[in-house]
Amino acid sequence: MCGIAGYSIHPDATLDRTLAAQTLLAGIAERGADAVGYAYRSAEGQGQIEVHKQRSGARALLDRIDISPAATDVLIHVRDYTKGHPRILANNHPVRHGAVVGIHNGIIFNDDELLERHDISRAAPEMTVDSEAIFALAERSGGQAGALEELRGSMATAWLDERAPGRVYCARGVGRPLWLGEGHGVTFFASTRPALELVERFVRTRLKLREIAEGTLVALEHGHRVWSESFSPDRRFEEAPLPAVRAPDEGASCLRRLAILAAAA
């Protein structure tokens, strides 16, 4: 069980980018403590994506998050690892494969099979993380929903593509939740509704909240949902249920610190 979150924002929006990212991280912190990371892309960066990640829980990163005031797209992740040991940094999220940088909550069971079938090499020789298969297919297909039908396992995911500046892709397969919060010039997403309610409270913005349906790919651009497409997830797998709260101390600590950060902001 991991936690994912992020946002797409209009370049002219005045929202505090760093506080928004800190709030989302605090909201998902309880979902994993094996690694944490974030990525962002700014309007002036010509599509280039900055990635920051480390092997720790969220509280060790919360104060150090630094999002450019020109950022338009942000991804945030906390990891409770299944495949791909977190001591290898490349296995931690956000995961880069070529032009695509992404985050994932769930387990992909046929990742090695898919990479072999498509003759795709791992981005780094030591990588074994199952999530890479999602982003390898996303890069190869250009973000087409049909490519996600090849994946067998549970999935809520989001990614950026350096070839598609200003766009964030969010997809929900089966077995994992994913929520959208749409506001004025900004759309947030997160693993849980309470994480988005936290954004409403600390970032002081009104959001229209809704859960993304299973088998849906959504594209966000400059703070707005621009299109969505359905796909048929492969449901031929069995997975033992996992508790949503994996690191309660991380969550509680981050929420206390967030209150201080928000007051200072």
Side-chain angles (χ1 to χ4, degrees), residues 1-4 6 31-39 49 51 53-55 75-164 169-178 191 214-217 229-243 246:
M1 183 70 67
C2 299
I4 72 170
R31 296 178 67 85
D34 291 319
V36 61
Y38 68 97
I49 301 165
V51 178
K53 54 186 174 179
Q54 62 189 51
R55 188 181 177 187
L75 304 176
I76 302 161
H77 189 271
V78 294
R79 188 172 187 216
D80 185 62
Y81 96 96
T82 50
K83 182 184 178 187
H85 201 283
R87 69 173 175 268
I88 296 173
L89 190 63
N91 284 331
N92 297 329
H93 299 228
V95 172
R96 177 182 284 278
H97 186 95
V100 171
V101 173
I103 52 179
H104 169 226
N105 174 28
I107 303 173
I108 302 301
F109 293 102
N110 63 336
D111 56 309
D112 292 324
E113 173 190 325
L114 286 172
L115 295 175
E116 182 178 358
R117 181 193 308 166
H118 290 284
D119 195 23
I120 298 173
S121 299
R122 292 276 186 179
E126 69 274 20
M127 286 178 74
T128 55
V129 64
D130 53 307
S131 306
E132 187 183 10
I134 302 170
F135 313 122
L137 293 179
E139 187 196 43
R140 174 161 291 203
S141 70
Q144 295 181 17
L148 302 177
E149 296 179 354
E150 295 190 58
L151 300 158
R152 188 173 69 252
S154 54
M155 182 184 73
T157 186
W159 69 86
L160 309 177
D161 189 327
E162 289 181 334
R163 303 165 300 182
Y169 298 88
C170 302
R172 184 185 178 197
V174 294
R176 295 295 186 271
L178 189 58
S191 292
E214 290 186 346
T216 304
L217 171 65
E229 188 177 350
S230 298
F231 63 96
S232 298
D234 189 336
R235 300 174 183 270
R236 297 172 298 165
F237 68 95
E238 292 184 7
E239 182 184 0
L242 297 172
R246 304 288 283 177

Is there a side-chain contact (heavy atoms from CB on, under 4.5 Å) between Phe237 and Ser154? Walk through the geometry before answering. CA-CA 9 Å; Phe237 68 95; Ser154 54; 4.2 Å; yes

Full working for side-chain contact (heavy atoms from CB on, under 4.5 Å) between Cys170 and Leu178: CA-CA 9 Å; Cys170 302; Leu178 189 58; 4.2 Å; yes

Please step through side-chain contact (heavy atoms from CB on, under 4.5 Å) for the pair His77 and Val95, ending with a clear verdict. CA-CA 10 Å; His77 189 271; Val95 172; over 6 Å; no

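With sequence neighbours excluded, the residues satisfying side chain to side chain donor-acceptor pair (under 3.5 Å) with Asp234 are Arg236. Among residues two or more places apart in sequence or in another chain, the side-chain contact (heavy atoms from CB on, under 4.5 Å) test is passed with Glu149 by Phe231, Ser232. A search for salt bridge (Lys or Arg N to Asp or Glu O under 4.0 Å) contacts involving Arg172 returns Glu211, Glu214, not counting sequence neighbours. By the side-chain contact (heavy atoms from CB on, under 4.5 Å) test, Asp161 pairs with Ala99, Val100, Arg163, Ala164, Tyr169, sequence neighbours left out. With sequence neighbours excluded, the residues forming a side-chain contact (heavy atoms from CB on, under 4.5 Å) with Thr82 are Ile107, Asp130, listed by chain and number.
Heavy-atom minimum distance, Ala39 versus Val101: CB-CG1, 4.1 Å. The heavy-atom pair separating Leu115 from Ala133 by the smallest distance is CD2-CA, 4.3 Å. Closest approach of Val174 to Gly153, counting heavy atoms only: CG2-O, 3.8 Å. In terms of heavy-atom proximity, Gly215 sits nearest to Pro233 at CA-CG, 3.7 Å. Between Phe109 and Glu238, the shortest heavy-atom contact is CZ-O, 3.9 Å.
Here Leu160 contributes atom CG and Phe135 contributes atom CZ; the two are 10.0 Å apart, rounded to the nearest 0.5 Å. Going from atom CG of Asp80 over to atom CG of Asp34 covers 5.5 Å, rounded to the nearest 0.5 Å. From Met127, atom CE reaches atom CD1 of Ile88 across 9.5 Å, with rounding to the nearest 0.5 Å. Note: Thr216 OG1 to Glu229 CD = 10.0 Å, rounded to the nearest 0.5 Å. Expressed to the nearest 0.5 Å, how far CG of Leu89 lies from CD of Gln54 amounts to 9.5 Å.
Contact annotation: the side chain of Glu126 never approaches that of Asn91 to less than 4.5 Å [non-hydrogen atoms, C-beta and beyond]. Counting heavy atoms from C-beta on, the side chains of Leu151 and Leu114 come closer than 4.5 Å. Residues Ile76 and Ile4 have side chains not in contact (no heavy-atom distance under 4.5 Å, counting atoms from C-beta outward). Looking at Leu217 and Gln144, their side chains never come closer than 4.5 Å, going by heavy atoms from C-beta outward. Taking 4.5 Å as the limit, every side-chain heavy atom of Cys2 sits out of range of all side-chain heavy atoms of Tyr81. A 4.5 Å side-chain heavy-atom check between Ile108 and Arg152 finds every atom pair outside the cut-off.
Exactly one of His85, Lys53, Arg79 qualifies for a side-chain hydrogen bond (donor to acceptor under 3.5 Å, both in side chains) with Asn92. That residue is Arg79.
With respect to Arg96 and Glu132, no salt bridge is recorded, no charged nitrogen being found less than 4.0 Å from a carboxylate O.
A donor-acceptor pair is defined here as one N or O able to donate and one able to accept, closer than 3.5 Å; such a pair exists between the side chain of Glu162 and the backbone of Ile49.
Residue pairs meeting the side-chain hydrogen bond (donor to acceptor under 3.5 Å, both in side chains) criterion with at least one member in residues 101-111, sequence neighbours excluded: Lys83-Asp111, His104-Ser131, Asn105-Arg176, Asp111-Arg122.
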